[in-house]
Amino acid sequence: MIRARFGTIRGLVRLGLSYPQLALGLSASRRPDAGAVRRLVFVCQGNICRSPFADFVARKAGLRTASFGLSTTTGCPAHDPAIVAARAMGHDLSAHRAVDMANYTPEQGDLLLAMEVRQLHRLAADPRLAHLPRMLLGRFARPMLPHLHDPYGLDGRYMARCLARIDGAIPGLFSAFPAARLSAPSGSDPAPRDAGPKA
């Protein structure tokens with residue numbers, strides 16, 4: 001039950017801790033002016049499971065997006081189990097290539113959306129990114145799940161559940177940040193978007 005719903009006992013514990021961290025202002029969130037948000041930038045550890053899936057689904061829904069990883073190798077493909085789970089949901093991550101934090105180029109109007117409280121703290125401590133607004137993606141899930149535990153290497157059932165929770169947060173983002181919408185939602189799979197520097 002725990003492996004399928006929360007990944008690990010640690011994932012369950014971190015989820016439990018994330019609620020008081022949010023309530024007590026200990027999450028290192030930096031709330032945005034919703035009307036000023038022009039692009040949603042999804043952040044996770046490796047940019048090969050959670051954040052690329054969120055990036056893909058949100059862009060497909062008609063939002064301007066990007067994603068990067070806090071500790072990854074730019075150019076790595078998505079994790080195979082994530083590709084399989086996403087494909088079962090009708091999404092193709094096979095063209096995704098990871099972007100490391102060092103190769104992410106901030107733009108005016110960016111909102112960073114992390115998967116875990118500790119990731120928000122990492123972003124807040126980075127001199128180059130600390131000024132950007134940042135929130136937990138799971139705040140937009142229904143029910144709210146501030147901690148979206150890393151599914152890398154875990155039970156396939158949890159990978160599917162984690163991606164489904166991320167998928168369920170996208171409508172909330174669409175409603176909350178109208179200035180980040182594209183002119184019209186895409187009806188087909190979007191082309192890959194690189195968060196790194198332009199050539």
Practice problem: Step through the shown structure and confirm whether more than 12 heavy atoms of other residues, nucleotides or ligands are within 6.0 Å of CZ on Arg3. | Solution: no

Quiz item: Is Gln119 close to Met115 at the side-chain level, that is, under 4.5 Å between some pair of heavy atoms?
Solution: yes

Quiz item: Minimum heavy-atom separation for Ala176 to Ala34, with atom names?
Solution: O-CB, 3.6 Å

Practice problem: Could I get the full list of side-chain contact (heavy atoms from CB on, under 4.5 Å) partners for Val84, not counting sequence neighbours? | Solution: none

Quiz prompt | salt bridge (charged side-chain N to carboxylate O under 4.0 Å, His left out) evaluation trace for Arg122 with Asp126 | solution = CA-CA 7 Å; Arg122 174 89 179 270; Asp126 188 288; over 6 Å; no

Quiz item: Are the side chains of Ile166 and Leu137 in touch, meaning some heavy atoms are under 4.5 Å apart?
Solution: yes

Quiz item: Below 4.5 Å, heavy atoms only, C-beta onward: do Phe6 and His147 meet side chain to side chain?
Solution: no

Quiz item: Can you tell me how far CG of Leu132 sits from CD of Gln108, rounded to the nearest 0.5 angstrom?
Solution: 10.5 Å

Practice problem: Keeping to residues at least two apart or across chains, list the side chain to side chain donor-acceptor pair (under 3.5 Å) pairs with something in residues 164-179. | Solution: none

Quiz item: Side chains of Asp110 and Tyr104: do they bring a donor and an acceptor to under 3.5 Å?
Solution: yes

Self-check item: Polar side-chain atom of Arg161 near backbone of Ala4 as donor-acceptor pair, under 3.5 Å
Solution: yes

Self-check item: salt bridge (charged side-chain N to carboxylate O under 4.0 Å, His left out) between Glu116 and Arg50, worked out
Solution: CA-CA 11 Å; Glu116 306 176 27; Arg50 294 169 292 178; 2.8 Å; yes

Quiz item: In Å, rounded to the nearest 0.5 Å, how long is the span from CZ of Arg39 to CG of Leu111?
Solution: 11.0 Å

Quiz item: With a 4.5 Å limit on heavy-atom distance, are the side chains of Leu120 and Ser29 in contact?
Solution: yes

Quiz prompt | Contact list for residues 6-21, test side chain to side chain donor-acceptor pair (under 3.5 Å), sequence neighbours left out | solution = Thr8-His149

Quiz item: Do Phe177 and Pro32 come close enough that some side-chain heavy atom pair is under 4.5 Å?
Solution: yes

Quiz prompt | Connected-component partners of Tyr158 among ILVMFWY, side-chain separation under 4.5 Å | solution = Leu154

Quiz item: Are Met135 and Phe174 co-members of a hydrophobic cluster defined by side-chain heavy atoms under 4.5 Å apart?
Solution: yes

Self-check item: Short side-chain to backbone donor-acceptor contact, His96 and Cys76, under 3.5 Å
Solution: no

Quiz item: Is it true that His91 and Phe53 have ring centroids separated by less than 6.0 Å?
Solution: yes

Quiz item: Counting only N and O atoms by type, is there a donor-acceptor contact under 3.5 Å from the side chain of Arg64 to the main-chain atoms of Ala179?
Solution: yes

Self-check item: Leu182 vs Leu63, side-chain contact (heavy atoms from CB on, under 4.5 Å): CA-CA, chis, key distance, verdict
Solution: CA-CA 5 Å; Leu182 297 168; Leu63 293 162; 5.9 Å; no

Quiz item: Closest heavy-atom contact between Ala82 and Leu163?
Solution: O-CD1, 3.9 Å

Exercise. Considering non-hydrogen atoms only, spot the tightest contact between Leu15 and Pro146 and give its length.
Key: CD1-CD, 4.0 Å

Exercise. State, yes or no, whether a side-chain contact exists between Leu113 and Leu136 at a heavy-atom distance under 4.5 Å.
Key: no

Quiz item: With a 4.5 Å limit on heavy-atom distance, are the side chains of Leu40 and Leu173 in contact?
Solution: yes

Quiz item: Just wondering, more than 12 heavy atoms not from Ile9 lying within 6.0 Å of its CD1?
Solution: no

Practice problem: Kindly give the heavy-atom pair with the smallest separation between Ala124 and Arg134, and that separation in Å. | Solution: CB-NH2, 3.3 Å

Quiz item: Does the Arg30 side chain pair with the main chain of His131, one donor and one acceptor, at a distance under 3.5 Å?
Solution: yes

Self-check item: Distance (rounded to the nearest 0.5 Å) between Ile170 CD1 and Lys60 NZ
Solution: 12.0 Å

Exercise. Of all the heavy-atom pairs spanning Ala85 and Met159, show the shortest one and how long it is.
Key: CB-CG, 3.7 Å

Exercise. Spell out, yes or no, whether Leu17 and Leu148 are grouped together once hydrophobic residues are joined by side-chain heavy atoms under 4.5 Å, including indirect joins.
Key: yes

Quiz item: Do Ser67 and Val43 come within less than 4.5 Å of each other through their side chains, counting heavy atoms only?
Solution: no

Quiz prompt | Pairs satisfying ring pair (Phe, Tyr, Trp, His ring centres under 6.0 Å), at least one member in residues 22-49, at least two apart | solution = none

Quiz item: With no hydrogens and no angle check, is any side-chain donor or acceptor of Asn47 less than 3.5 Å from a backbone partner on Val99?
Solution: yes

Exercise. Enumerate the residue pairs fulfilling side chain to side chain donor-acceptor pair (under 3.5 Å) with a member in residues 70-84, sequence neighbours excluded, ordered by first and then second residue.
Key: Thr74-Asn103

Self-check item: Distance in Å, Leu112 CG paired with Met101 CE, rounded so as to fall on 0.5 Å steps
Solution: 10.5 Å

Exercise. Could you pull out the closest heavy-atom pair between Arg97 and Pro77, with the gap in Å?
Key: NH1-CB, 3.7 Å

Quiz item: If two hydrophobic side chains count as joined below 4.5 Å and joins carry through other members, does Ile48 share a cluster with Ile83?
Solution: no

Practice problem: Indicate, with yes or no, if Leu145 and Tyr152 share a hydrophobic cluster defined by side-chain heavy-atom contacts under 4.5 Å among Ile, Leu, Val, Met, Phe, Trp and Tyr. | Solution: no

